[in-house]
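Below: one structure, written as structure tokens.
Residues take their numbers from the sequence shown, with the count starting at 1.
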Amino acid sequence: MVLAGGLCYALGLVMLSASATGNQVVASGLLLGLGVSGTGFTAVLGAVGRAATPERRSSALGLASAGGSFGQFAALPYAHAFLETSGWSMTLLFLAALTVLAVPAAWGLVGKPAAGPDASTQSLSAAFGEALKHKGFLLLTAGFFVCGFHVTFVATHLPAFLNDRSFEPWLGAAALATIGLANVVGTYACGRIGQVMEKRKALTYLYLARGLVFVGFLFVPLTEVSVLILSALLGLLWLGTIPLTSGLIATLFGPKWMSMLFGLVFFAHQIGGFLGAWLGGYVFDVMRSYDSMWWMSAGLGVWAALMHWPIVEKPVARLSAKGA
């Protein structure tokens with residue numbers, strides 16, 4: 001799955017670099033979407049979750065997620081520099097070449113058996129039905145919708161927000177790179193925290209903290225330094241949701257169908273991502289300001305915290321009967 005996704009992503013970048021019509025852009029976007037789906041957290045963390053032992057699973061998921069965070073930090077500066085010197089078409093081809101070089105890493109996921117007691121013969125349909133009837137799974141899905149809204153709104157509109165406040169264009173790229181760098185630390189730390197604290201509590205506190213940072217963008221006097229400080233704080237809370245959410249799914253249902261179940265939760269994340277990107281643009285077009293979006297993001301952070309707090313963090317009866 002990761003191998004196929006990586007190749008789709010590289011092909012989508014090549015097509016986008018040569019696109020001359022709207023239809024070609026849409027077609028390349030479809031390939032890029034398939035590529036992200038096949039190489040993203042759902043596929044990779046499912047393999048990691050099955051290979052890790054239960055007591056080390058949260059840290060392993062945090063470490064794998066932090067790798068993606070480091071990629072965000074590393075990619076933004078050199079892609080921005082390449083764009084300035086060589087233009088967008090050559091930059092896309094350069095990124096496509098890097099993607100092809102990374103594809104062989106998919107072989108590292110081959111042949112990893114499930115660790116721990118979940119060696120059940122539960123079918124996919126049974127796992128699907130079990131999850132949809134589980135209150136905690138539904139609450140987790142609702143909360144993860146907010147994560148998608150947050151990160152996509154910020155990643156899409158933070159540079160434009162800073163430009164609207166008359167900052168130089170470099171600050172937008174620097175802010176996103178700072179988020180990516182801080183996210184390496186925050187994601188791994190959240191994975192470790194998930195080993196010593198209930199994951200649903202950690203998620204509750206994380207979303208509340210995000211809300212405070214969003215309010216900071218409204219009330220803290222914005223300078224280049226304060227923007228980078230707020231970006232670093234946001235980065236510490238950026239994708240720490242990934243190891244905590246995926247780890248909680250493995251805790252509740254076991255690792256066997258972890259990829260499929262996390263994929264369902266991630267579907268809500270992507271819906272939130274679409275709304276965060278689209279609504280941010282729509283609100284700015286109508287109100288000529290991003291203030292309402294910062295307030296909305298802060299309010300959704302509180303809502304997500306309320307969704308996670310009632311989750312009962314213990315394995316389903318099927319696993320408890322086996323001593324999981």
Side-chain angles (χ1 to χ4, degrees), residues 1-44 68 71-72 74-106 144-145 147-164 169 172-173 176-177 179-180 239 259-260 262-288 290 293 296:
M1 183 62 70
V2 175
L3 182 65
L7 293 175
C8 280
Y9 193 81
L11 181 58
L13 288 171
V14 172
M15 286 186 60
L16 187 60
S17 72
S19 294
T21 67
N23 289 336
Q24 290 173 343
V25 172
V26 171
S28 63
L30 290 174
L31 281 172
L32 290 170
L34 289 172
V36 170
S37 300
T39 58
F41 289 116
T42 52
V44 174
Q72 177 186 346
L76 282 166
Y78 71 69
H80 182 73
F82 211 91
L83 185 64
E84 291 291 321
T85 58
S86 302
W88 65 268
S89 183
M90 286 301 298
T91 300
L92 291 172
L93 290 176
F94 174 63
L95 294 174
L98 287 181
T99 302
V100 171
L101 290 175
V103 163
F144 212 43
F145 163 89
C147 181
F149 186 98
H150 283 167
V151 300
T152 310
F153 162 63
V154 172
T156 305
H157 294 286
L158 180 58
F161 167 75
L162 295 174
N163 183 66
D164 188 55
L176 292 179
I179 289 173
L239 291 182
S259 287
M260 184 271 291
F262 186 50
L264 290 175
V265 176
F266 208 81
F267 181 74
H269 180 282
Q270 300 304 79
I271 294 175
F274 163 76
L275 287 175
W278 174 79
L279 197 58
Y282 178 79
V283 168
F284 183 81
D285 285 346
V286 172
M287 307 186 72
R288 311 309 303 173
Y290 283 107
M293 286 299 298
M296 189 182 304

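Around the OH atom of Tyr9, the shell of radius 6.0 Å holds no more than 12 heavy atoms that belong to other residues, nucleotides or ligands. When the shell of 6.0 Å around CZ of Phe267 is examined, it contains 12 or fewer heavy atoms from other residues, nucleotides or ligands.
How far CZ of Phe144 is from CD of Gln270: 8.5 Å, rounded to the nearest 0.5 Å. Separation of atoms OG1 (Thr152) and CG (Leu279) is listed at 12.5 Å; rounding is to 0.5 Å. Annotation: the span from Phe266 atom CZ to Cys147 atom SG amounts to 8.0 Å, rounded to 0.5 Å. Arg288 contributes atom CZ, which lies 7.5 Å from atom CG of Asp164 (distance to the nearest 0.5 angstrom). To the nearest 0.5 Å, the span separating CG on Leu92 from OG1 on Thr99 amounts to 10.0 Å. Rounding to the nearest 0.5 Å places CG of Leu7 at 8.5 Å from CG of Leu11.
A pairwise comparison of heavy atoms in Ala160 and Tyr290 identifies CB-OH, 3.4 Å as the closest pair. Between Gly12 and Ser28, the shortest heavy-atom contact is O-CB, 3.5 Å. Closest approach of Leu162 and Gly172 over heavy atoms only: CD1-CA, 3.9 Å.
Partners of His150 according to the ring-ring contact (aromatic ring centres under 6.0 Å, His included) rule, which considers only residues two or more places apart in sequence or in another chain, are Phe214.
If you look at His157 and Phe153, their ring centroids are closer than 6.0 Å.
Classified by interplanar angle (parallel below 30°, tilted 30° to 60°, perpendicular above 60°), the ring pair Phe149/Phe145 is tilted.
Using a 4.5 Å heavy-atom cutoff, the side chains of Leu93 and Leu13 are not in contact. Side-chain contact check for Ile271 versus Phe274: every heavy-atom pair is 4.5 Å or farther apart.
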